[in-house]
2 protein chains.
Amino acid sequence: MKPRAKLQSERLADKAYAVLRSQILKGVLPPGHALSVPELSRQLGVSRSPVREAVLQLVAEGLAREQAHKGAVVAHFSLEDALQILEVREVLEVASVRLGASRAAPEDLARLKQVLQAQAKALQESDFVGYQATDLQFHRLLGTLSHNPVLERMVGLLKDQSHLALEPAARSLAQLERGYHEHRSVLAALEARNAEGAGLALLKHFKRIRESLEGWLVTK
Amino acid sequence: MKPRAKLQSERLADKAYAVLRSQILKGVLPPGHALSVPELSRQLGVSRSPVREAVLQLVAEGLAREQAHKGAVVAHFSLEDALQILEVREVLEVASVRLGASRAAPEDLARLKQVLQAQAKALQESDFVGYQATDLQFHRLLGTLSHNPVLERMVGLLKDQSHLALEPAARSLAQLERGYHEHRSVLAALEARNAEGAGLALLKHFKRIRESLEGWLVTK
DNA sequence: AGTTTACATATTACATGTAACATGTCAAGG
DNA sequence: CCTTGACATGTTACATGTAATATGTAAACT
């Protein structure tokens, strides 16, 4: 019956992974940046073993890629990659939301509502990076609605990849606002326990994201 | 301009991974079996590093689980796990097939047909394990139809997990035959480029699998 | 007997050593 | 100028060392 002071995993490998993942998603480590194991082990003040493990984890989750004898780099996604990821996200998140319409607990919906409020606040303050963080949370929460951990995990993995892939296509505030309203429609349908409607609302959201991505392409 | 004699990855970690994955899927390493790194490194005649890497890969792909300080074991799935995996497989494979109805190349369909022939042969010979192998191939091929590598990878990962999860529920030959005919319906619809029909046929397949799994549960 | 303690064993988690390999630089040679 | 090739540097991939930790077993105590 020990007090168990350490609730965290405490493993250096996990800590290294958390640091690297966070830095990748924040853009501190941009796509293409080399993930040199000796270099990172010096920076993090640990040996190469846990760092190697962390890098492998990132590769397995699609946030980094490695080629033989050349080490890993932060993943960088082409437009085609981004569209392919979006195609799968659409399928998975729509499924999750449709299932969630009947399965979601009131707390699940409350959490969604909370995130939407944070999102509205970020919009008011034109807090671009803040919005992106809430967007990540929102779509991860959509994954939890299904109460299916397998689905939840995949939604999370793909949202992370998407975050990285869509970062260069820095969207305008106007589009962020459209995204926010589309999110609201999804929540509204969920609160009405309307699976069909929630699925359709989310489909619209993805359709618009895809179109704006293709639109951004021509400007570039 | 070297001849590049070595086309395989040649990495010991990859080879160890391939061996372990194969043994897990074949049931040589049954669910719950410990994956001791020192033990495996002795058996495979390599050092612990590549073995550790292989085990991590397996954990990342859901074929093994590890708990802190106790090492990894071959994943074992509850009935609930199996149903959750099936739920996501259904969503992904149906999506892949619907997309594939328009995107699939004739070669894709030819490969499917080939696998179905092998499947018929395995049935005739009552070759149980042979059938399982073709089943794995068939569903992996469904993933390729979409020509979306992200989707393809996820379909493959989940089919592997499913294979492991459903192994204890050794299905009867009669059910294998039903599966074969359901596969045929999917291919027929695909050859007619009928997305709707192919999706529905595959949905039926999954519905029946789920029901027979629940049926098996009560006998157990 | 039943619990506890101590010891032996095995494994993880992290650290470090090292050969093979890739890449960049820079000077020699065409 | 351009190419070539030796050298220096840095990295991966694999091997091995080791402290902390978990587990099994047997002796010691109640």
Side-chain angles (χ1 to χ4, degrees), chain A residues 1-21 23-24 29-61 63-76, chain B residues 1-21 23-24 29-61 63-76:
Chain A
M1 288 290 154
K2 281 177 265 183
R4 286 273 79 189
K6 314 177 178 182
L7 287 179
Q8 295 97 312
S9 45
E10 264 327 299
R11 288 178 37 177
L12 293 183
D14 292 343
K15 287 204 267 184
Y17 163 76
V19 168
L20 291 178
R21 173 176 178 277
Q23 293 195 344
I24 289 173
L29 293 171
H33 191 287
L35 295 172
S36 158
V37 171
E39 174 68 18
L40 292 171
S41 86
R42 260 166 273 152
Q43 287 178 16
L44 299 175
V46 300
S47 82
R48 298 177 331 230
S49 303
V51 173
R52 171 68 178 154
E53 212 166 293
V55 170
L56 283 177
Q57 185 78 15
L58 291 168
V59 170
E61 294 181 358
L63 294 182
R65 299 191 190 290
E66 69 173 350
Q67 51 256 65
H69 293 283
K70 287 183 49 172
V73 298
V74 177
H76 76 309
Chain B
M1 286 290 152
K2 282 177 265 183
R4 287 274 77 188
K6 314 178 176 179
L7 286 180
Q8 295 100 307
S9 45
E10 261 333 297
R11 289 178 35 177
L12 294 182
D14 292 343
K15 287 205 266 184
Y17 164 77
V19 168
L20 291 177
R21 172 177 177 275
Q23 294 194 345
I24 289 173
L29 293 170
H33 191 287
L35 295 173
S36 158
V37 170
E39 174 68 19
L40 293 172
S41 86
R42 259 167 273 153
Q43 288 178 17
L44 300 175
V46 299
S47 83
R48 297 176 330 227
S49 302
V51 173
R52 171 66 179 156
E53 211 166 297
V55 170
L56 282 178
Q57 185 79 14
L58 291 168
V59 170
E61 293 181 359
L63 294 182
R65 299 191 189 289
E66 70 172 349
Q67 51 256 66
H69 294 281
K70 288 184 49 173
V73 298
V74 178
H76 75 309

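Naming: A, B, ... by sequence-line order, numbering from 1 per chain.
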How long is the line joining [atom1] of [X] and [atom2] of [N], in whole Å?
X     : N      : atom1 : atom2 : result
A:E66 : C:dC21 : CD    : P     : 18 Å
B:L35 : C:dA10 : CG    : P     : 19 Å
B:L12 : C:dA19 : CG    : C1'   : 13 Å
A:Q67 : C:dC21 : CD    : P     : 18 Å
A:K70 : D:dT12 : NZ    : C1'   : 13 Å

Return the set of residues passing salt bridge (charged side-chain N to carboxylate O under 4.0 Å, His left out) with A:E61 (not counting sequence neighbours), or none when no residue passes.
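Result, salt bridge (charged side-chain N to carboxylate O under 4.0 Å, His left out) vs A:E61: none returned.
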Results of salt bridge (charged side-chain N to carboxylate O under 4.0 Å, His left out) for B:R48 - residues two or more places apart only:
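In terms of salt bridge (charged side-chain N to carboxylate O under 4.0 Å, His left out), with neighbours along the sequence ignored, B:R48 is linked to no residue.
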Can you name the residues that form a side chain to side chain contact (heavy atoms under 4.5 Å, CB included) with A:V46, not counting sequence neighbours?
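Only A:L12, A:L44, A:P50, A:V51 meet the side chain to side chain contact (heavy atoms under 4.5 Å, CB included) criterion with A:V46.
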All side-chain hydrogen bond (donor to acceptor under 3.5 Å, both in side chains) counterparts of A:Q23, not counting sequence neighbours:
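A:Q23: no side-chain hydrogen bond (donor to acceptor under 3.5 Å, both in side chains) contacts found.
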Closest contact, heavy atoms only, B:A13 versus B:A54
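Closest heavy-atom pair between B:A13 and B:A54: O-CB, 3.8 Å.
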Selected nucleotide, minimal atom distance to A:H69 side chain, candidates C:dA22, C:dC14, D:dC14
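Of C:dA22, C:dC14, D:dC14, C:dA22 is nearest to the side chain of A:H69.
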Of residues 42-56 of chain A, the positions that come close to DNA chain C - non-hydrogen atoms, cut-off under 4.0 Å:
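The stretch gives A:V46, A:S47, A:R48, A:S49, A:P50 as the residues lying under 4.0 Å from the strand, ordered by number.
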Side-chain atoms of residues 63-71 of chain A: list all donor-acceptor pairs with protein atoms under 3.5 Å, sequence neighbours left out, distances to 0.1 Å.
none

